[in-house]
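Here is the structure we will look at, set down as structure tokens.
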Amino acid sequence: MSVKSDKWIRRMAVEHGMIEPFVPQQISATDGGRVVSFGTSSYGYDIRCSEEFKIFTNINSAVVDPKHFDENSFVDYRGEVCIIPPNSFALARTVEFFRIPRDVLTVCLGKSTYARCGIIVNVTPFEPEWEGHATLEFSNTTPLPAKVYANEGIAQVVFFQSDESCEVSYKDRAGKYQGQRGVTLPRT
């Protein structure tokens, strides 16, 4: 298994639609302003967060249960900036839609810009032949409100290609998050 370079990522995105929309270079500033970087990096791709958020609220004193998740535990929000309450979290989705090849697995890690502010980004691996918008989870570990910026970089995806294709892919086993669009809540 090998980590894939920017050249491989560009080829796969352009020729096979692996990432849409695709930014072929690293964007780190627009119109002289500041932006959290996104796009192709040396050995990965910095994904963006969309303007679609679900902010956790405990107004109903619910128990967080992945087997019986209460959708009323979230407030839907759409905007360029999401304010996450102290010691809470929000869900979002990527701007990018992914189509992962059968011989590829990804690992996604939060960007250091957010980590240094106490905002932890959690994204599970993208399995072979998974496709969809990735659902992102942002944990605000601080005692203060925290900002997350839409349409800017939030995490980096690193691509690993195997020497051989897997026997059973995510698509083969009809994974429950296959083809997801929008922010997707837990399913069992």
Side-chain angles (χ1 to χ4, degrees), residues 9 13-14 17-41 44-60 62 64 69-100 106-126 130-142 144-158 176-187:
I9 294 166
V14 172
M18 184 175 73
I19 305 169
E20 290 181 324
F22 175 68
V23 179
Q25 73 283 348
Q26 181 92 154
I27 304 296
S28 58
T30 56
D31 299 324
R34 297 203 273 188
V35 65
V36 180
S37 62
F38 61 91
T40 307
S41 62
Y45 189 84
D46 289 1
I47 58 177
R48 294 170 288 171
C49 164
S50 77
E51 296 178 358
E52 184 180 333
F53 297 93
K54 289 189 178 289
I55 304 168
F56 182 75
T57 178
N58 198 21
I59 58 172
N60 298 321
V64 178
F69 201 83
D70 183 0
E71 288 187 39
N72 294 322
S73 296
F74 287 104
V75 173
D76 290 332
Y77 174 75
R78 188 169 192 83
E80 283 290 319
V81 174
C82 176
I83 307 292
I84 304 171
N87 302 306
S88 190
F89 74 98
L91 299 178
R93 71 164 176 88
T94 56
V95 168
E96 297 83 4
F97 188 90
F98 290 89
R99 291 175 190 85
I100 304 302
T106 76
V107 172
C108 193
L109 306 163
K111 291 184 68 75
S112 63
T113 300
Y114 282 104
R116 293 164 197 239
C117 295
I119 301 169
I120 307 303
V121 181
N122 185 25
V123 185
T124 59
F126 305 167
W130 171 78
E131 68 175 52
H133 288 114
T135 295
L136 309 164
E137 186 259 333
F138 311 118
S139 293
N140 176 3
T141 65
T142 75
L144 304 170
K147 285 186 180 182
V148 171
Y149 293 89
N151 299 306
E152 296 189 22
I154 197 70
Q156 183 178 74
V157 178
V158 179
K176 60 188 170 188
Y177 299 111
Q178 182 72 332
Q180 68 187 16
R181 295 186 180 272
V183 179
T184 306
L185 296 177
R187 297 177 179 162

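Just so you know, residue 1 is the first one in the sequence shown, and it goes up from there. Reckoned from all heavy atoms, side chains included, excluding hydrogens, waters and symmetry mates. Everything quoted here is computed from the prediction, not taken from an experiment.
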Query raised in the report: Cut-off 3.5 Å, side chains only: do Glu137 and Ser139 have a donor facing an acceptor?
Result: yes
Query - Side chains of Val95 and Ile47 in contact at under 4.5 Å (non-hydrogen atoms) - result: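 No, too far: nothing below the 4.5 Å cut-off.
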Got a donor-acceptor contact below 3.5 angstrom from the [X] side chain to the [Y] backbone?
X      : Y      : answer
Gln156 : Tyr45  : no
Trp130 : Tyr177 : yes
Tyr114 : Ala155 : no
Thr141 : Gly118 : yes
Asp46  : Gly153 : no
Thr142 : Ile119 : no
Arg187 : Lys176 : yes
Gln180 : His133 : yes

Query raised in the report: Near Tyr149 OH, under 6.0 Å, is it more than 12 heavy atoms from other residues, nucleotides or ligands?
Result: no
Report task. Please determine if Arg99 and Glu20 form a salt bridge, counting it only when a charged side-chain N lies under 4.0 Å from a carboxylate O. Result ->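 Judged by the 4.0 Å cut-off on N to carboxylate O distance, Arg99 and Glu20 do form a salt bridge.
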Report task. Would you please indicate if the ring centroids of Phe22 and Phe98 are separated by under 6.0 Å? Result ->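 They do not qualify: ring centres at least 6.0 Å apart.
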